[in-house]
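Side-chain atoms are counted along with the backbone in the values below, which use heavy atoms only and exclude waters and symmetry mates.
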Amino acid sequence: MDPDSEIRFDSFSDYHAALDSLLSTAKKELCVFDSDLKTPNLESPQRARILSDFLLALPGNRLRIVLHDTRYVENHCPLIMLLLTRFNHCFEIRRTPDDLRHLTECFALADKTHGVVRFHVDHGRGKTFLERPDVAQGWWGRFEELWACSQSGLSPTRLGL
């Protein structure tokens, strides 16, 4: 994708290609908002490796995820849970409050400049943009609002008696 571009996509396969490009582009911060993290499939070995490499690259790198429901990650994503345990100082997953569960768009952002947006959780339609801080600014602000009102979603360790 050329810098300064915004490209629309209409399928989940195009969404995954755009997401892979975004994850590989990130240098400092990744932010993801999704209903449950099933569709982005960050659990795939390739994407989990990219996330691990990203978190290892620089001490200040940060990964933040906001989900409506964290049960899928907790029960079906051992690689993500391992990353959460290993990088709990720079990786956090939060859960939206009940009154925000009606939000249906999903997005991933990198470095306040790049992003991938799906317009609705149930569909593969969306857009991707690189080197577009003007476009990213609104989405980044939306993520920060979601982050601020969300609660801690997953602990890197399980408590047991």
Side-chain angles (χ1 to χ4, degrees), residues 12 15-16 18-20 22-57 59-129 135-161:
F12 285 107
Y15 163 69
H16 286 120
L19 184 62
D20 289 340
L22 178 80
L23 295 176
S24 298
T25 301
K27 301 293 182 221
K28 293 181 180 184
E29 186 166 15
L30 276 167
C31 297
V32 177
F33 172 60
D34 196 80
S35 61
D36 56 16
L37 220 54
K38 284 180 191 174
T39 303
N41 192 19
L42 297 182
E43 178 65 15
S44 77
Q46 174 190 347
R47 291 187 186 114
R49 187 181 67 252
I50 290 170
L51 292 176
S52 178
D53 291 346
F54 165 76
L55 292 168
L56 283 169
N61 282 7
R62 195 168 163 198
L63 172 59
R64 298 185 293 160
I65 298 175
V66 175
L67 303 173
H68 289 317
D69 187 348
T70 59
R71 288 176 294 183
Y72 178 78
V73 173
E74 192 170 19
N75 296 320
H76 301 287
C77 297
L79 295 177
I80 295 298
M81 292 303 294
L82 182 64
L83 288 175
L84 192 60
T85 301
R86 184 175 177 198
F87 298 104
N88 66 346
H89 62 286
C90 59
F91 176 20
E92 187 177 350
I93 298 176
R94 290 189 180 181
R95 184 179 44 246
T96 57
D98 291 340
D99 63 336
L100 294 180
R101 304 279 163 88
H102 67 281
L103 299 175
T104 58
E105 78 274 2
C106 302
F107 54 90
L109 307 168
D111 304 328
K112 297 184 181 179
T113 308
H114 320 294
V116 175
V117 178
R118 273 188 15 250
F119 302 131
H120 193 280
V121 66
D122 295 331
H123 305 289
R125 287 185 48 247
K127 67 179 179 178
T128 183
F129 52 90
V135 176
Q137 181 180 13
W139 290 103
W140 200 270
R142 186 164 177 89
F143 182 84
E144 292 296 348
E145 290 172 359
L146 289 165
W147 186 259
C149 66
S150 295
Q151 307 127 2
S152 181
L154 286 176
S155 171
T157 58
R158 290 186 186 254
L159 297 177
L161 299 176

- Item | Within 6.0 Å of NZ in K112, more than 12 heavy atoms from elsewhere |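 Count not over threshold, so no.
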
List the atom of [X], the atom of [Y], and the distance in Å for their closest heavy-atom pair.
X	Y	value
D36	L67	C-CD2, 4.0 Å
S35	C106	N-SG, 4.3 Å
F54	K27	CE1-C, 3.8 Å
W147	V66	CE3-CG2, 3.4 Å
F12	G124	CZ-N, 3.4 Å

Can you check whether [Y]'s main-chain N or O pairs, donor with acceptor, with [X]'s side chain at less than 3.5 Å?
X	Y	result
H16	T39	yes
H102	D99	yes
H123	R125	no
S52	A48	no
R101	T96	yes
E43	I80	yes
N75	R71	yes

Answer yes when [X] and [Y] have at least one side-chain N-carboxylate O distance shorter than 4.0 Å, and no when they do not.
X	Y	answer
R118	D34	yes
R47	D20	yes
R64	E29	yes
R142	E144	no

- Pair F33 and H68, ring centroids less than 6.0 Å apart: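 Centroid distance F33-H68: below 6.0 Å, so yes.
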
- Tell me, do V73 and I65 make a side-chain contact under 4.5 Å, heavy atoms counted?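 SC-SC contact between V73 and I65 ruled out.
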
Rounded to the nearest 0.5 Å, how far does [atom2] of [Y] lie from [atom1] of [X]?
X	Y	atom1	atom2	value
L55	F91	CG	CZ	7.5 Å
L37	D69	CG	CG	11.0 Å
L22	L109	CG	CG	7.5 Å
E105	F119	CD	CZ	10.5 Å

